[in-house]
Structure formats: structure tokens, C-alpha cells
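Take a look at the structure set out below.
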Amino acid sequence: MITGFVALYIFMLAAFTGYEIIGRVPAILHTPLMSGSNFVHGIVLVGAMVALGHADGFWETLIGFIGVILAAGNAVGGYVVTERMLEMFKSSKD
Amino acid sequence: MSFWEFTVDASYFVAAVLFIIGLKRMGSPKTAKSGIKWAGIGMALATVVTLWHPAMEAGFFRYVLMILAIVIGGAGAWYTGKKVEMTGMPQMVALYNGMGGGAAAAIALIEMYSGRAFEHGTTVLILAVLGALIGGVSFSGSLIAWAKLEGKMSKTIRLPAQQMINGGAALVIVLLGLWILMSAGSAPVLVTIFFALCLVFGVLLTNPIGGADMPVVISMYNAFTGLAVAFEGFVLGNAAMIIAGTVVGAAGTLLTLLMANGMNRSISNVLFAGFGVDDGAEADGPEGEMKSVEAFDAAASFAYSDSLIIVPGYGLAVAQAQHKLWEFVQMLEKEHDVDVKFAIHPVAGRMPGHMNVLLAEAGVPYDKIFDLEEINAEFPNADAALVIGANDVVNPAARTDESSPIYGMPILDVDKAREVYVVKRGKGTGFSGVQNALFFGDNTRMVFGDAKQVCTDLANGLKQL
């Protein structure tokens, strides 16, 4: 378990990181970045897998099953659309 | 620490590093393509090692279910993600984001139903409840946003006393949440009612918001899902989820503020004021006549200009005219030596940067595309400006008319160019319902017609010169 102030430090540093990453980005990349950050929270998949793994009984298992489907959709879908968008960015020198 | 405990933790650490490097690389056009790949490697690594996660008390059946669920969700998303048109990107992001929120809520539900969330102290329980709330709202809200942008819910239903109902629902949710916190052990019925209300609240919150404001809302729900994931990461003791979720929560919040700023609105204004839905009020328009010309005349004028600035709007993308436009621009540059630039307003398209993606799809290099701040000083020196499918973002009333609903919104100073050509389907107003003084200006010429047809005519006009 990650407890107390250690968790708070992680929250704080990660929040600063997120803020800094977006803060200096040209507007042309905002849509791909929103999509990219949408992909990154697809990491919820690992949590959903663990939750399904230790679920008990029918209902918990069903919710876990749906959770993993949703999470996998988030991760895979987020990746595919972000990659498709970024594929299109070219400089006139390329 | 067993071998697998170490391997899983180490892999999560590597994944978190890869996510941050990936997002950082996505912040520059040169490195963006590799950025998503780095993040993707992190995700694949984290997912695979999770099969050996020590907290997994799963038998064979559970593993089968798990793989099956990943295949179903992954294949479905892969297929839809590959198929969607570039103009449909915003609602697709909304849909995938809602799924993530739903997954975070599912984790919260399992941990609360099983009673595990009640065993590790108040902080864990509070975060589990908050994660269920935020994840649930993000899930149902994103689905509504998706349905609206997809055109499956064209009518905006406003309940009488909407704010009172929303406020009442919020109050009940808070009280139920507190009740869960005070119950000694698992309280399945209470948790179920609580979660159902969270879903309803997401619908109530999103439903009254007009389609034009949806991008801001999608971005907000993206930040919500990030937070929900971080909270559930804490409940499960999973550092990768805490870090990735928090980074997205912070980045998404900033992005939402940037978007709202671009429209000169505050977040609460977007959520509660319901601007962007036509209320039927007929605004007093500027007086005068619009002067209309044929595409051929416009093409001739551009050919003899030294510099041209093009302002594309969402109407261009709806008409799928960006390819034709780029063809025309290439002819201007190569055969007539015109210096052409594209100017993009922060809220052009349906999300910030959406218009850039649509132009990039047509092959326009990104170094020809400029932000509002970069280009506004150049309009007074430009021989000609061409506005296609944009309206409110070039309305000078935002600078001059204090009574205008869009007063104060930063606009592109198109009216300062020597000659302005506006391509428009008809004489109607933009989504704000405000008539545009630019169209009546002395130096403005209107080219009426479908954007794609006009771009084709422009190109043909050049060939005839």
C-alpha cells in the first residue's frame, strides 16, 4: 500500500508534470494531445484486470468483466485514433 | 518481495516513465509520432505483466474471462478507431474517454461491494467513493456528448428549473456518499443507489449543453476520468495508475481552461449558461448590402496578389473541401508565386487543433499554419484574405460592439486585410446567432456556394487565366 504523505507527494509531482507538459504546447497539437492523454488513462486497464482477478461471486465478476472491456476499449481506441491523427502531421521539408 | 511482485512494480515504474516521455514528445510536431509509440510500449508492458500480478487470485476461468474481455473491448475499439472519419474524431475521443471512466467506476464498485475498500482506513474509502462518482459522471456524460456530436441526439432537452434539479441531485449524491463513508462495512444497496444517481447526474449535467460547447465538456470529462483513475489507483495501491491518472487530470484541466479561454467563456458559463443553443432571438444586424462575386473573379484576384491568408472554419471540413483547397493553394504558390498562409482560430473546428488535424489530413504542412497570436499582426499587410466556412471567429463585433454576445472573444483580424473574400453557403448567421459585420464591409466580397464546389471553381478559374 502507498500511504499518507508518500501518496500526496506522488499526486503533487504528477500534477505538476501534467501541467508542464501541456503548458508549452502549440495549439495545433491540442487535439492529438487530448487524445493522447485519453490513451494514457487507459492504464485503468491494469486496475480493471486486478479487480476482475479478485472479484467474488457473479455480480462482482460481471462488473469486473464489463470494466475490463471498457478499459481495453479506452486503451486501444485511444492509441489508434491518436496515432492516426499524428501520422498526418508533416513539415513542408519532408 | 517475491520475484513477480518486483517484476510487476518495476514494469509499472517503467510504464509510468514511458507515459511521461511519450506525452512530452507529443508536445512537439517533430517528435509527436514517436511519442504515442513510447506510451504504447509502456501500456503493452504494464498490461502483460499484470497477468502475473500478485493480488490476482484468479483461477483458469478468470483468466479466460479477462483475455476474452480484452479481446472484445480491444477489437471493437480498434475497428471503430480505424474507421472513423477525421471530422468525427472529437466524439470518438469522448466515447473512449467515457469507457475509461466507466472502467474506473467498475473498479470502485467491486472494491466497495467486496468490502475491501472499507478495510484500509477512511482515505481509501473516500477516494473509492469519489472515484465512483467522478468515473460514473464521466461515463454517462461522455456518452451523451458522443451522442450529441454524432447527431443521435439532435434535440437539446432542457428541464424546467434545470439548475434546481441538478443542484438537488448533487446534494443527494453528497449525502449518500457521506452515508457510505459512515457505514461500518460493505453496504451494497446504498452503493448501488449512489452509483445509479451518479450516472443520472452525468446525464443531467451534459444534456442541456449545446453541441458547440461539447469540446470543452469532453476535455473536462477527460480530466475527470484521469482523476478517477488516479483515485482508484490509490485504492488498489497501484502507482502506475496514480501517476498516469494524475498527469492526465492536470493536463486535461489545463487544456479545458485553454479551450474555454479561446471562446472567452468560463467553465461555469459553459456548464450552466447554455449558450450555443439557439434561443430564437433575432439579433439586430449591421445595415448594408453584401457584395457577391463569382469564384472566377476571386481566383483572378488571388493570382495577382503577393500574399494571401486563408482562414478555414469547420464549414470547410463539413463540406470535405480541404483537399480541393490545398490543390488550389499549391497552384497559387507554384504558378503564381503567391505567399499563402493558413490562420487558425483557437476554437476553429470542434476542438482546439482539430482544424490543424483536418488540414494535415489534406497534406498541408504544419509550418504553413499559424495561430491567432502569430498571424494577427500580418493581416494589415496581406493583399487578400480568404475566409471559408468560418463566421463568428472573424466577426469584428467581438472587438467593437459591447452589446454583442461574442464581445471580447479574441478574433482573427481578417477585416484589416486589403481585400477579403468570404465563402459561405447562405446568408445565415454563425452558431452564436449574431450577424457578421465583416460580410458588409467595403473591402469584403462574398462568394456564395458549397465550400467544396467553390474550391473546385477557384482551381478551375486559375487554369483559365
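Numbers restart at 1 for each chain; the letters A, B, ... are given by sequence-line order, proteins then strands. This is a predicted model, so every value here is computed, not measured.
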Which bit of Val84(B) comes within less than 4.5 Å of chain A, counting heavy atoms only: side chain, backbone, both or neither?
both

Can you measure from CG (Leu65(B)) to CE (Met49(A)) and round to the nearest 0.5 angstrom?
12.0 Å

Got a sec, which pairs hit salt bridge (Lys or Arg N to Asp or Glu O under 4.0 Å) with one end in residues 94-112 of chain B, sequence neighbours left out?
Glu111(B)-Arg116(B)

Part of Val68(A) within contact of chain B (heavy atom distance under 4.5 Å):
both

Return the CD1 to CD1 distance between Ile110(B) and Ile63(A), rounded to the nearest 0.5 Å.
6.0 Å

When rounded to the nearest 0.5 angstrom, what distance separates CD1 in Ile72(B) from CZ in Phe65(A)?
4.0 Å

Most heavy-atom pairs under 4.5 angstrom with chain B, which of Gly36(A), Ala51(A), Gly64(A)?
Ala51(A)

Is Ile218(B) in contact with chain A via its backbone, its side chain, both, or neither, using a 4.5 Å heavy-atom distance?
both

Which of Met85(A), Arg84(A), Glu87(A) touches chain B most, by non-hydrogen pairs under 4.5 Å:
Arg84(A)

Say you draw a straight line from CE of Met43(B) to OH of Tyr79(A); how long is it, rounded to the nearest 0.5 Å?
10.5 Å

Is any side-chain heavy atom of Val229(B) closer than 4.5 Å to one of Ile43(A)?
yes

Would you call the rings of Phe11(A) and Phe234(B) parallel, tilted or perpendicular if under 30° counts as parallel and over 60° as perpendicular?
parallel

For residues Asn222(B) and Ser37(A), is any side-chain donor paired with an opposing acceptor at under 3.5 Å?
yes

Least distance between heavy atoms, Ala72(A) atom then Gly74(B) atom:
CB-N, 3.8 Å

Can you confirm whether Glu60(A) sits close enough to Ser114(B) that some side-chain heavy atom of one is under 4.5 Å from a side-chain heavy atom of the other?
yes

Side chain / backbone / both / neither for Glu361(B) at chain A, heavy atoms under 4.5 Å:
both

Top of Thr82(A), Thr17(A), Asn74(A), Leu33(A) for chain B proximity - count of heavy-atom pairs under 4.5 angstrom
Asn74(A)

Run the numbers on Val46(A) and Asn238(B) for side-chain contact (heavy atoms from CB on, under 4.5 Å), then give the verdict.
CA-CA 9 Å; Val46(A) 305; Asn238(B) 185 321; 3.4 Å; yes

So the side chain to side chain donor-acceptor pair (under 3.5 Å) pairs with at least one residue in residues 67-85 of chain B (sequence neighbours excluded) are Thr80(B)-Tyr96(B)

Is Met26(B) close to chain A through its backbone or its side chain, or both, or neither, when contacts mean heavy atoms under 4.5 Å?
both

When rounded to the nearest 0.5 angstrom, what is the spacing between CE in Met241(B) and NE2 in His41(A)?
11.5 Å

Check Val357(B) against Met88(A) and note the closest heavy-atom contact, atom names and distance.
O-SD, 4.0 Å

Honestly, the part of Ile344(B) sitting under 4.5 Å from a heavy atom of chain A is neither

Name the member of Leu51(B), Leu23(B), Ile20(B) that forms the most heavy-atom pairs with chain A at distances under 4.5 Å.
Leu23(B)

With a 4.5 angstrom heavy-atom cut-off, is it the side chain or the backbone of Thr253(B) that approaches chain A, or both, or neither?
neither

Between atom NE2 of His54(A) and atom NE2 of His53(B), what is the distance when rounded to the nearest 0.5 Å?
9.0 Å

Against chain B, work out which of Val80(A), Leu13(A), Leu45(A), Ile69(A) has the most heavy-atom pairs shorter than 4.5 Å and name it.
Ile69(A)

Cut-off 4.5 Å, heavy atoms of chain A, and the answer for Lys30(B) is neither

Under 4.5 Å to a heavy atom of chain A? For Thr123(B) that would be neither

Any side-chain heavy atom of Thr246(B) within less than 4.5 Å of one from Ile10(A)?
no

Chain A interface, residue from Ala69(B), Gly245(B), Pro90(B), Ala77(B) that has the most non-hydrogen pairs under 4.5 Å:
Ala69(B)

Chain B interface, residue from Gly57(A), Pro32(A), Gly47(A) that has the most non-hydrogen pairs under 4.5 Å:
Gly47(A)

Please report the shortest heavy-atom distance between Gly67(A) and Ala103(B), naming the atom on each side.
O-CB, 3.5 Å

Options Asn38(A), Ile21(A), Val50(A), ranked by heavy-atom pairs under 4.5 Å with chain B, top entry
Asn38(A)

Salt bridge or not for Glu20(A) and Lys24(B), using N-O below 4.0 Å?
no

For a quick test of reading the model, state the closest non-hydrogen atom pair linking Ile243(B) to Ala14(A) and the distance between them.
O-CB, 3.9 Å

Heavy-atom closest pair, residues Ala15(A) and Ala250(B)
O-CB, 3.1 Å

